[in-house]
Amino acid sequence: AGAQQDVSIRDLSEHVDKLVSENRIGGVLFKGMWTPAGLAARIQHLRSIAKRPLIFAQDLEWGLSMRHFGSIEMPKALCMGAISDDALLEAWTDMLAKTAKEIGITCFLGPVADVNSNPKNPVIHDRSFGDDPVAVAQSFREAGARYLHLVDLEAARDGGTPNIATIGEICAKSGLI
């Protein structure tokens, strides 16, 4: 078995700095917990050493509080999925995007149209917009989404195409591709 290597945050930061300054990568996906000011400073530093514009991405399904200490906590998807007020849903998604943009995130990974349809996956619960995949897709369309990236996590994990009929129904009834 191979030996596990401990990599410090400083070593990792220096490695990313080198990749950016040598023009070898086009973007950075930030994971883990940050403060908004800390991530904004890191992004500003990377911009200052980059030879070209970079993409800065972060998974922020329910806003900055998902990854940032001291951020205002926004309602999670399950709460928003229970609301039928499209204007409120649009305001929520606008606020999520605005706060991410303010710290320098250019590729905002959220909100995610997760569906709570697998009782074997309890993690998804409050991260989902509901338990009806077609209704979730339709609510995203009504809130202004033009596209929907569909991922069948069961197929990715177990193989096969267990949800192909549902994916077809989502496409047919929501008008989103």
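From M95, atom CE reaches atom NZ of K98 across 5.0 Å, with rounding to the nearest 0.5 Å. In this structure, F108 CZ and T93 OG1 are separated by 8.5 Å, a value rounded to the nearest 0.5 Å. Between atom CD1 of residue I25 and atom CG of residue L54 there is a gap of 6.5 Å, rounded to the nearest 0.5 Å.
In plain terms, the two heavy atoms of P36 and I103 that are nearest each other are O-CG2, 3.8 Å. Taking every heavy atom of both residues into account, C107 and I55 meet most closely at CB-CG2, 3.6 Å. Across every non-hydrogen atom of K76 and W62, the tightest pair is CE-CE2, 3.6 Å. What you find for R141 and G175 is that their closest heavy atoms are NH1-N, 4.4 Å. Across L64 and S71, no two heavy atoms sit closer than the pair CB-OG, 3.5 Å. Here the shortest heavy-atom pairing between L176 and Y147 reads CD2-N, 3.8 Å.
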Give the intermediate values and the outcome of side-chain contact (heavy atoms from CB on, under 4.5 Å) for residues T99 and I105.
CA-CA 9 Å; T99 55; I105 297 297; over 6 Å; no
Go through the steps for R42 and V16 under the test side-chain contact (heavy atoms from CB on, under 4.5 Å), then give the verdict.
CA-CA 11 Å; R42 182 72 178 130; V16 170; 3.9 Å; yes
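Note on F69: it does not cluster hydrophobically with M66, by side-chain heavy-atom contacts below 4.5 Å among ILVMFWY residues. Both L88 and V136 belong to a common hydrophobic cluster when Ile, Leu, Val, Met, Phe, Trp and Tyr are linked at side-chain heavy-atom distances under 4.5 angstrom. Residues I170 and I164 fall into different hydrophobic clusters, defined by Ile, Leu, Val, Met, Phe, Trp and Tyr side chains chained together at heavy-atom separations under 4.5 Å.
By the neighbour-count criterion of 12 heavy atoms within 6.0 Å, atom CZ of R146 is sparsely surrounded, having that number or fewer from other residues, nucleotides or ligands.
L109 is listed as a side-chain neighbour of L29, based on a closest heavy-atom distance under 4.5 Å. Inter-residue side-chain proximity for I167 and T161 is flagged as unmet; no heavy-atom pair is nearer than 4.5 Å. Counting heavy atoms from C-beta on, the side chains of H45 and D17 come closer than 4.5 Å. Taking the side chain as every heavy atom from C-beta outward, F56 and L46 approach each other to under 4.5 Å. Side-chain contact check for L39 versus Q58: some heavy-atom pair is nearer than 4.5 Å.
A salt bridge links D59 with R67: at least one charged nitrogen is closer than 4.0 Å to a carboxylate oxygen. Ion pair E14/K18 not flagged as a salt bridge, since none of the NZ, NE, NH1 or NH2 atoms sits closer than 4.0 Å to an Asp/Glu carboxylate oxygen.
Using a distance-only test at 3.5 Å, with no hydrogens or angles considered, no donor-acceptor pair links the side chain of K101 to the main chain of T106. Checking side-chain atoms of Q138 against main-chain N and O of K173 turns up a donor-acceptor pair under 3.5 Å.
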